[in-house]
Colleague: 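Here it is, the structure, as structure tokens.
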Amino acid sequence: MSNTDPFTAIADPNRRYLLEELRRAPRTVNDLAKGLPISRPAVSQHLKALLDCNLVTVTSKGTRRIYSVNAHGFDKLNLWLDQFWS
């Protein structure tokens, strides 16, 4: 996904699920894939889409990549929602 629009990213229900899981705690792809009926490579593609629009971050610990929510990435969404309701 080359689109960096966070609204496009969160339109997918699998990505919303991933964000909900990451909101609870940082996780690896393997941990996240356990709760979805899609493959680990598909989970990785969804995470890349969320990374591209800065909704998640990734850190490496040895051979593991740990994903977490990037609160600052939600600024664009929050700003739009705040302006919508004001």
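Everything quoted here is computed from the prediction, not taken from an experiment. Every heavy atom of this structure was used, including side-chain atoms; hydrogens, water molecules and symmetry mates were not. Numbers here are sequence positions counted from 1.
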Colleague: By side-chain hydrogen bond (donor to acceptor under 3.5 Å, both in side chains), which residues pair with N30, not counting sequence neighbours?
Modeller: R40
Colleague: Could you give all pairs that pass the salt bridge (charged side-chain N to carboxylate O under 4.0 Å, His left out) test and reach residues 27-36, with sequence neighbours left out?
Modeller: E21-R27, D31-K34
Colleague: What residues form a side chain to side chain contact (heavy atoms under 4.5 Å, CB included) with T63, not counting sequence neighbours?
Modeller: none
Colleague: Between CG of L19 and OG of S68, what distance do you get to the nearest 0.5 Å?
Modeller: 11.0 Å
Colleague: Apply side chain to side chain contact (heavy atoms under 4.5 Å, CB included) to residues L22 and L55 and explain how you reach the verdict.
Modeller: CA-CA 10 Å; L22 293 173; L55 295 179; over 6 Å; no
Colleague: Closer than 3.5 angstrom, by distance alone: can the side chain of N70 be matched with the main-chain N or O of T57 as a donor-acceptor pair?
Modeller: no
Colleague: Using 0.5 Å steps for rounding, measure from the SG atom of C53 to the CZ atom of R15.
Modeller: 8.0 Å
Colleague: Are F74 and V69 side-chain neighbours, meaning at least one heavy-atom pair lies under 4.5 Å?
Modeller: yes
Colleague: Let's go through I38 and H46 carefully: what are the C-alpha distance in whole Å and the side-chain angles of both, what is the deciding distance for side chain to side chain contact (heavy atoms under 4.5 Å, CB included) to 0.1 Å, and is it a yes or a no?
Modeller: CA-CA 10 Å; I38 58 177; H46 286 298; 3.6 Å; yes
Colleague: Between OG1 of T8 and CG of D52, what distance do you get to the nearest 0.5 Å?
Modeller: 12.0 Å
Colleague: Any side-chain to backbone donor/acceptor pair from R16 onto A11? Under 3.5 Å, distance only.
Modeller: yes
Colleague: If a pair satisfies salt bridge (charged side-chain N to carboxylate O under 4.0 Å, His left out) and one of its residues is in residues 60-69, list it, with sequence neighbours excluded.
Modeller: none
Colleague: Hey, are the side chains of Y67 and T59 touching, using non-hydrogen atoms and a 4.5 Å cut-off?
Modeller: no
Colleague: Applying salt bridge (charged side-chain N to carboxylate O under 4.0 Å, His left out) as the test, list every pair that has at least one member in residues 75-86; sequence neighbours left out.
Modeller: none
Colleague: Considering non-hydrogen atoms only, spot the tightest contact between R23 and E20 and give its length.
Modeller: NH2-OE1, 3.0 Å
Colleague: Check ring-ring contact (aromatic ring centres under 6.0 Å, His included) between F7 and all other residues, then give those that pass, not counting sequence neighbours.
Modeller: W80
Colleague: Might you point out which heavy atoms bring L18 and L32 nearest each other, and give the distance in Å?
Modeller: CD2-CB, 3.8 Å
Colleague: Could you state the interatomic distance from OG1 (T28) to CD1 (I66), rounded to the nearest 0.5 Å?
Modeller: 6.0 Å
